[in-house]
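Working notes for the structure below.
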Amino acid sequence: MAKEKLTKEQEQLARFAKALGHPIRVAILQMLAKQTCCYHGDMSEVLPVAKSTLSQHLKELKEAGLIQGKINPPMVLYCINKKNWVLAKSLFDSLLTEEVNSDKKTC
């Protein structure tokens with residue numbers, strides 16, 4: 001029997017899940033989702049994290065495609081990547097609404 005290949009959707013969902021795997025990143029996304037426009041302040045003044053650590057979290061979210069940023073010296077503007085936000089919601093909805101086979105015994 002041949003092994004199944006991972007789908008693009010499975011790989012993308014895993015990438016989004018990895019990006020969401022830290023509470024600071026979840027807090028960043030929640031903060032940006034509430035904004036009517038891009039956030040341009042210093043998030044380290046709002047979130048309980050050092051600037052250098054915050055930069056790493058922002059980088060992870062940006063690489064996953066969940067946020068986007070524009071450098072506008074001396075500021076960087078961050079906002080939700082709406083296209084990928086919708087995709088992430090769809091992929092998580094699909095996963096979390098799958099029916100669990102109730103005929104199987106639990107482990």
Side-chain angles (χ1 to χ4, degrees):
M1 184 152 100
K3 289 185 179 182
E4 290 184 24
K5 290 185 179 181
L6 296 175
T7 66
K8 283 192 327 183
E9 290 81 10
Q10 289 168 328
E11 290 178 0
Q12 184 64 62
L13 179 59
R15 183 67 185 106
F16 289 147
K18 180 183 178 212
L20 291 169
H22 194 284
I24 288 294
R25 288 185 222 140
V26 172
I28 291 168
L29 289 171
Q30 288 174 325
M31 188 174 93
L32 292 178
K34 292 177 186 173
Q35 301 293 314
T36 55
C37 59
C38 291
Y39 184 83
H40 57 83
D42 184 355
M43 290 183 201
S44 67
E45 291 178 5
V46 179
L47 299 168
V49 65
K51 285 184 182 188
S52 59
T53 305
L54 177 63
S55 293
Q56 291 296 71
H57 289 300
L58 290 167
K59 180 182 175 190
E60 184 71 30
L61 290 169
K62 194 171 179 183
E63 286 176 357
L66 291 170
I67 65 170
Q68 50 196 8
K70 293 181 190 174
I71 298 173
N72 190 12
M75 292 186 244
V76 179
L77 306 174
Y78 288 103
C79 52
I80 295 290
N81 180 325
K82 291 179 183 178
K83 178 183 172 190
N84 284 342
W85 189 260
V86 169
L87 175 59
K89 183 179 183 321
S90 173
L91 292 171
F92 279 107
D93 281 350
S94 178
L95 173 67
L96 297 175
T97 57
E98 285 188 21
E99 292 296 321
V100 176
N101 188 340
S102 60
D103 293 339
K104 289 186 177 181
K105 293 182 181 180
T106 58
C107 298

Apply salt bridge (charged side-chain N to carboxylate O under 4.0 Å, His left out) to residues Arg15 and Glu60 and explain how you reach the verdict. CA-CA 10 Å; Arg15 183 67 185 106; Glu60 184 71 30; 2.7 Å; yes

Passes side-chain contact (heavy atoms from CB on, under 4.5 Å), Val46 versus Tyr39? Steps please. CA-CA 12 Å; Val46 179; Tyr39 184 83; 3.6 Å; yes

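In this structure, the separation between CD on Gln35 and OH on Tyr78 is 14.0 Å, given to the nearest 0.5 Å. The line from CD of Gln12 to CG of Asn84 is 6.0 Å long, rounded to the nearest 0.5 Å. Separating the OG atom in Ser90 from the CD atom in Glu9 is a distance of 9.0 Å, to the nearest 0.5 Å. Rounding to the nearest 0.5 Å gives a distance of 8.5 Å between OG1 of Thr7 and CG of Leu91. Asn81 contributes atom CG, which lies 4.5 Å from atom CD of Gln68 (distance to the nearest 0.5 angstrom). Once rounded to the nearest 0.5 Å, the distance linking CD of Gln30 with CD1 of Ile28 reads 10.5 Å.
Pairs passing the ring pair (Phe, Tyr, Trp, His ring centres under 6.0 Å) check and including a residue from residues 13-38, sequence neighbours excluded, read His22-His57.
Clustering ILVMFWY residues whenever any of their side-chain heavy atoms sit less than 4.5 angstrom apart, transitively, puts Ile80 in the very cluster that holds Met31. Hydrophobic clustering, with ILVMFWY side chains joined whenever heavy atoms are under 4.5 angstrom apart, groups Phe92 together with Trp85. Leu95 and Leu20 fall within the same hydrophobic cluster, defined by Ile, Leu, Val, Met, Phe, Trp and Tyr side-chain heavy atoms under 4.5 Å apart, directly or through other members.
Looking at every heavy atom in both residues, Asp93 comes nearest to Thr97 through O-OG1, 2.6 Å. In terms of heavy-atom proximity, Ser44 sits nearest to Lys51 at OG-CG, 3.1 Å.
Counting non-hydrogen atoms of other residues, nucleotides and ligands closer than 6.0 Å to CD of Glu11 gives a total above 12.
The shortest side-chain heavy-atom distance between Leu32 and Leu66 does not fall under the 4.5 Å cut-off.
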